[in-house]
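Index from 1, following the sequence.
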Amino acid sequence: MFKALPENMFKFNSEVTDIAQDDDGVNITYKNTETGVVTNTRADYCISALPFPIVTTINTDFSDDLINALKAPSAAPAFKLGLQLDRRFWEQDEMIFGGTSLTDIPGHGFTSYPSSDLHSDKGGVLLSSYVWGAQATKLSNLSIAERNEFALSIGEKLHPGKFRKHYSGNAMSMAWHKQKYSLGGWSEWTARKRRRYLQTVLDGDRRIMFAGDILYSEAPAWMGGAIESAWLTMESLDKRISQL
């Protein structure tokens with residue numbers, strides 16, 4: 001993807017600290033998280049796609065109404081854990097090619113089987129647990145070893161005698177609500193707050209606009225909502241510029 005975009009279009013390791021605007025444009029201040037160097041840049045408009053729990057921690061000159069609207073949705077805790085297996089027993093022994101296994105075991109959610117590298121002899125990675133809400137918070141408070149053991153115990157119930165035998169010892173887990181630059185898997189409105197605050201965010205604030213799955217989708221956290229948001233935000237920007 002990056003090869004198709006202009007060089008230096010993305011600024012990595014850059015933490016936005018301030019957003020300020022006037023009648024002619026927007027000033028963004030950001031800090032390089034590796035070097036500590038602070039940089040200021042200016043543009044005619046700013047479209048923020050930052051998670052709402054993040055943008056509300058930045059120093060801005062947004063109106064009080066907009067700040068309140070940005071704080072209205074609730075951030076959802078979300079947790080995923082993947083285990084690497086050295087043999088694709090789910091394919092070779094059980095004829096499972098992609099898809100998911102769901103259970104009602106607290107903290108499990110579902111196990112997802114890879115649909116890539118089918119019939120490979122190199123093993124694969126299973127998404128062994130994916131949950132959100134209170135169960136995500138509970139699992140994320142476990143140690144790494146406890147998280148992995150939990151996933152193995154679930155795997156053994158789904159595939160007795162297979163998970164522990166073929167576990168390579170490699171695993172990865174992610175708790176989005178504990179990540180500094182996300183503070184949640186996604187954000188979501190209640191029906192009442194959506195009716196009360198959504199339009200305020202859609203209207204933006206002078207030269208500040210917003211984009212993201214939560215703005216235009218009834219199903220936040222999905223790419224479809226993010227894509228729809230991008231289309232409509234570009235349309236809104238075009239109208240603003242055309243009226244100048």
In terms of hydrophobic clustering (I, L, V, M, F, W, Y; side-chain heavy atoms under 4.5 Å; direct or indirect links), are [X] and [Y] co-clustered?
{"X": "Ile96", "Y": "Phe110", "answer": "no"}
{"X": "Trp186", "Y": "Leu215", "answer": "no"}
{"X": "Ile241", "Y": "Ile47", "answer": "yes"}
{"X": "Leu139", "Y": "Trp132", "answer": "no"}
{"X": "Met174", "Y": "Ile154", "answer": "no"}

Short side-chain to backbone donor-acceptor contact, [X] and [Y], under 3.5 Å:
{"X": "Lys162", "Y": "Phe89", "value": "no"}
{"X": "Asp18", "Y": "Thr29", "value": "no"}
{"X": "Trp189", "Y": "Ile214", "value": "yes"}
{"X": "Ser129", "Y": "Leu81", "value": "no"}
{"X": "Thr17", "Y": "Asn59", "value": "no"}
{"X": "Arg88", "Y": "Gly123", "value": "yes"}
{"X": "Thr57", "Y": "Val55", "value": "no"}

Applying salt bridge (Lys or Arg N to Asp or Glu O under 4.0 Å) as the test, list every pair that has at least one member in residues 74-84; sequence neighbours left out.
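The answer is none; no pair qualifies.
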Can you give me the closest heavy-atom contact between [X] and [Y], atom names plus distance?
{"X": "Gln135", "Y": "Pro106", "result": "OE1-C, 3.7 Å"}
{"X": "Gly185", "Y": "Ala78", "result": "CA-CB, 3.9 Å"}
{"X": "Gly107", "Y": "Val131", "result": "O-CG1, 3.3 Å"}
{"X": "Ser242", "Y": "Asp238", "result": "OG-O, 2.7 Å"}
{"X": "Gly161", "Y": "Glu156", "result": "N-OE1, 2.9 Å"}
{"X": "Asp213", "Y": "Ala221", "result": "OD2-N, 2.6 Å"}

Do Arg42 and Asp24 meet the salt-bridge criterion of a basic N to acidic O distance under 4.0 Å?
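Looking at Arg42 together with Asp24, the answer is no, because their closest N to O distance does not fall below 4.0 Å.
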In terms of side-chain geometry, is the basic nitrogen of Arg164 or Glu149 positioned less than 4.0 Å from the acidic oxygen of its partner?
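So Arg164 pairs with Glu149 through a salt bridge.
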Glu15: what forms a salt bridge (Lys or Arg N to Asp or Glu O under 4.0 Å) with it, not counting sequence neighbours?
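Once residues adjacent in sequence are excluded, the partners of Glu15 under the salt bridge (Lys or Arg N to Asp or Glu O under 4.0 Å) criterion are Lys180.
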Taking only residues two or more places apart in sequence or in another chain, which ones pass salt bridge (Lys or Arg N to Asp or Glu O under 4.0 Å) with Lys239?
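Salt bridge (Lys or Arg N to Asp or Glu O under 4.0 Å) list for Lys239, sorted by chain: Glu235.
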State the [atom1]-[atom2] distance between [X] and [Y], to the nearest 0.5 angstrom.
{"X": "Ile19", "Y": "Arg207", "atom1": "CD1", "atom2": "CZ", "answer": "15.0 Å"}
{"X": "Ile58", "Y": "Ile28", "atom1": "CD1", "atom2": "CD1", "answer": "8.0 Å"}
{"X": "Leu142", "Y": "Ser173", "atom1": "CG", "atom2": "OG", "answer": "9.5 Å"}
{"X": "Met209", "Y": "Ser229", "atom1": "CE", "atom2": "OG", "answer": "9.5 Å"}
{"X": "Lys165", "Y": "Leu152", "atom1": "NZ", "atom2": "CG", "answer": "15.0 Å"}
{"X": "Leu232", "Y": "Leu237", "atom1": "CG", "atom2": "CG", "answer": "12.5 Å"}

Between Ile54 and Leu183, does the side chain to side chain contact (heavy atoms under 4.5 Å, CB included) criterion hold? Intermediate values first, please.
CA-CA 7 Å; Ile54 300 299; Leu183 299 181; 3.7 Å; yes
Verdict with reasoning, Cys46 to Gln21, per side chain to side chain contact (heavy atoms under 4.5 Å, CB included)
CA-CA 9 Å; Cys46 171; Gln21 59 183 321; over 6 Å; no
Do [X] and [Y] come within less than 4.5 Å of each other through their side chains, counting heavy atoms only?
{"X": "Thr60", "Y": "Ile67", "answer": "yes"}
{"X": "Val125", "Y": "Pro114", "answer": "no"}
{"X": "Leu85", "Y": "Tyr167", "answer": "yes"}
{"X": "Asn27", "Y": "Asn40", "answer": "no"}

Identify, with sequence neighbours excluded, every residue that meets side-chain hydrogen bond (donor to acceptor under 3.5 Å, both in side chains) alongside Ser187.
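With sequence neighbours excluded, Ser187 shows a side-chain hydrogen bond (donor to acceptor under 3.5 Å, both in side chains) to no residue whatsoever.
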Apply side chain to side chain contact (heavy atoms under 4.5 Å, CB included) to residues Phe163 and Leu158 and explain how you reach the verdict.
CA-CA 9 Å; Phe163 250 70; Leu158 292 171; 5.6 Å; no
Distance-only donor-acceptor hits, side chain of residues 195-202, under 3.5 Å, sequence neighbours excluded:
unit_1, atom_1, unit_2, atom_2, d
Gln199, NE2, Asp203, OD1, 2.8

Heavy atoms from other residues, nucleotides or ligands near NZ of Lys31 exceed 12 (cutoff 6.0 Å):
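No, not enclosed.
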Should we say atom CG of Asp64 is surrounded by more than 12 heavy atoms from elsewhere, each under 6.0 Å from it?
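At most 12 heavy atoms, drawn from other residues, nucleotides or ligands, come within 6.0 Å of this atom.
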Please assess Phe79 against Arg147 for the test side chain to side chain contact (heavy atoms under 4.5 Å, CB included), listing each intermediate value before the final yes or no.
CA-CA 10 Å; Phe79 177 87; Arg147 295 179 184 183; 3.7 Å; yes
Which pairs pass side chain to side chain donor-acceptor pair (under 3.5 Å) with one or both residues in residues 105-121, sequence neighbours excluded?
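Checked against side chain to side chain donor-acceptor pair (under 3.5 Å) - neighbours excluded - the pairs reaching residues 105-121 are Ser101-Tyr113, Thr103-His108, His108-Thr111, Tyr113-His159.
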